[in-house]
Amino acid sequence: MQITSITVMGIRLPLIRPFIVAYETYYDMPTLLVKVETDVGITGYGEATPDQHVTGETWESTYSLLVHQLAPLAIGENPFQIERIHEKMADMVYGCPAAKAAIDIACYDIMGKATNQPVYNLLGGRYYESLPVPYVVSILDPEAMAKEAADAIRQGYQSIKIKVGTNPVMDVKRIQAVRKAIGESMQLRVDANQGWRNRATTMWVLEQVREANIDWIEQPVIADDITALAEIRRQTHIPVMIDEGVHGDREMRETITKQAADKLNIKLMKCGGIYPALRLVAQAEMAGMECQVGSMVESAVASAAGAHLCAAKKNIRSNELVGPLMFSRDVAAFPYEGLAIVLPNRPGLGLDVNEQSLAELTEMSTVIEKP
């Protein structure tokens, strides 16, 4: 089997409401879909959702890299030779994990379809039958966040994640207001997205919210300061999750060596796809760290790839694959059943991509074919 054609499509997915985190406000989500075709008639889909604040990639730069470097490189390759493809991509360009994830995800979709197996069966088989999802609250005034979180609990959600990180004093009020609104028994996750910047500010906030019973604090300091994260972990009773601080093996080794985190948030866009994510899961498990699979607010395509990884690995104890819930329009139906993800027993990613919707959402497109 060989890859004969790759179509790279730049699309913008409309959000139901603005998504606000410490470093950006999104009114729609720019992402890139790749359609990979083979000489045996099997087609796979992949996705790159870059974030310039996290991976250093933009929508435009990722499109260019896929069109001019990575897609031509993948033409003629066998999708099953995933380690070889990753090695070639690494030799071609340093970093740029979201762009590489698009090729990786499409290859796994093809492998599943070629073997008539869901992707999770290629990763060790299904461990979890369903994957409960949290409700994610963007940064707003404390009262608005509390109301939204309380409404989510009434809808049946058991876990609330709130975004903070713009103002430490206001963040304390946000955390306290949300905890009061949802009650003591509901899980409350807090994500600062690097917004508290340093150890001193982080410790001040955590001291103020000691009674809020936070399940974990995620990435309070800047991504590169793993040493500060280790100091915070040693000084707080609250479990610490690292997110932006770990892209791949190098940062993972430093995190383990410094005992800097209790939990790891894996994102396919940070590490380069499913194949490198498997290495991170294995390393975390050996180090006694639990994992979560997060999202850059991705379409059904990348969200499905993350869900297959979650379903196959025992040590992935939580997920934030809520992107498709946040869009007013997507490229495929996503397998939510109530407030959980239940993956179908279908080959590949298990999606039916709506080609008409994809065409209507596409703002730029290039086809790369075998010479």
Side-chain angles (χ1 to χ4, degrees), residues 21-24 51-56 95 97 134 136 139 161-172 174-175 187-210 212-272 276-277 279-296 315-320:
V21 298
Y23 53 75
E24 189 69 86
D51 187 327
Q52 65 202 58
H53 305 280
V54 178
T55 69
V136 180
I139 297 175
K161 174 175 180 173
I162 64 172
K163 295 288 189 176
V164 295
T166 56
N167 180 304
V169 174
M170 188 63 70
D171 288 338
V172 169
R174 289 170 173 136
I175 295 167
Q187 189 179 63
L188 176 58
R189 315 171 184 178
V190 177
D191 184 4
N193 285 116
Q194 309 178 66
W196 296 338
R197 306 299 291 173
N198 56 56
R199 182 195 62 80
T201 301
T202 299
M203 291 308 304
W204 181 83
V205 174
L206 296 182
E207 282 298 315
Q208 307 309 305
V209 298
R210 285 182 66 88
N213 190 26
I214 297 171
D215 285 86
W216 63 75
I217 178 63
E218 183 177 345
Q219 197 64 56
V221 298
I222 58 173
D224 292 341
D225 202 347
I226 294 176
T227 298
L229 202 64
E231 293 172 354
I232 291 164
R233 182 178 180 239
R234 283 191 285 271
Q235 295 177 55
T236 182
H237 67 286
I238 300 170
V240 173
M241 175 179 282
I242 189 167
D243 177 6
E244 290 96 331
V246 170
H247 288 204
D249 295 338
R250 180 179 61 81
E251 300 94 345
M252 190 66 201
R253 286 194 298 270
E254 183 180 353
T255 300
I256 293 170
T257 299
K258 294 181 176 178
Q259 299 183 331
D262 302 282
K263 300 172 183 288
L264 169 67
N265 192 5
I266 297 170
K267 292 177 179 169
L268 301 186
M269 299 303 138
K270 285 191 305 170
C271 68
R279 293 203 304 269
L280 294 179
V281 174
Q283 292 174 75
E285 188 165 20
M286 287 188 291
M289 296 171 60
E290 293 183 356
C291 295
Q292 171 176 282
V293 169
S295 168
M296 298 290 198
N315 198 44
I316 300 177
R317 306 299 177 92
S318 61
N319 76 84
E320 289 173 2

**Study point:** Any donor-acceptor N or O pair under 3.5 Å, side chains Thr166, Arg174
**Key:** yes
Point to revise | Heavy-atom donor-acceptor pair, Asn193 side chain to Val21 backbone, under 3.5 Å | key: no
Review point. Is Glu285 reaching over with its side chain to a backbone N or O of Val281, donor-acceptor style, under 3.5 angstrom?
Key: no
Check your understanding: Is it true that Asp243 and Lys270 have a side-chain N and a carboxylate O under 4.0 angstrom from each other?
Key -> yes
Point to revise | Lys263/Glu218 ion pair, N-O < 4.0 Å | key: no
Exercise for review: Would you confirm whether Gln219, through its side chain, and Val221, through its main-chain N or O, come within 3.5 Å as a donor-acceptor pair?
Suggested key: yes
Practice item. Can you measure from CD1 (Ile226) to CD (Glu254) and round to the nearest 0.5 angstrom? Key: 4.0 Å
Point to revise | Side-chain touch Val293/Lys267, heavy atoms, less than 4.5 angstrom | key: no
Point to revise | Whether over 12 other heavy atoms sit under 6.0 Å from Asp224 CG | key: no
Check your understanding: Ignoring hydrogens and geometry, is there a side-chain-to-backbone donor-acceptor pair from Glu251 to Gly245 under 3.5 Å?
Key -> no
Check your understanding: Is there a side-chain contact between Thr202 and Leu206, using heavy atoms and a 4.5 Å cut-off?
Key -> yes
Check your understanding: Are Glu290 and Asn315 close enough that a side-chain donor and a side-chain acceptor fall under 3.5 Å?
Key -> no
Practice item. Evaluate the side chain to side chain contact (heavy atoms under 4.5 Å, CB included) criterion for residues Asn198 and Trp196: first the C-alpha distance (whole Å), next the side-chain angles of each, then the deciding distance (0.1 Å), finally the verdict. Key: CA-CA 6 Å; Asn198 56 56; Trp196 296 338; over 6 Å; no
Check your understanding: Does the distance from a Lys or Arg side-chain N to an Asp or Glu carboxylate O, for Arg189 and Asp215, drop under 4.0 Å?
Key -> no
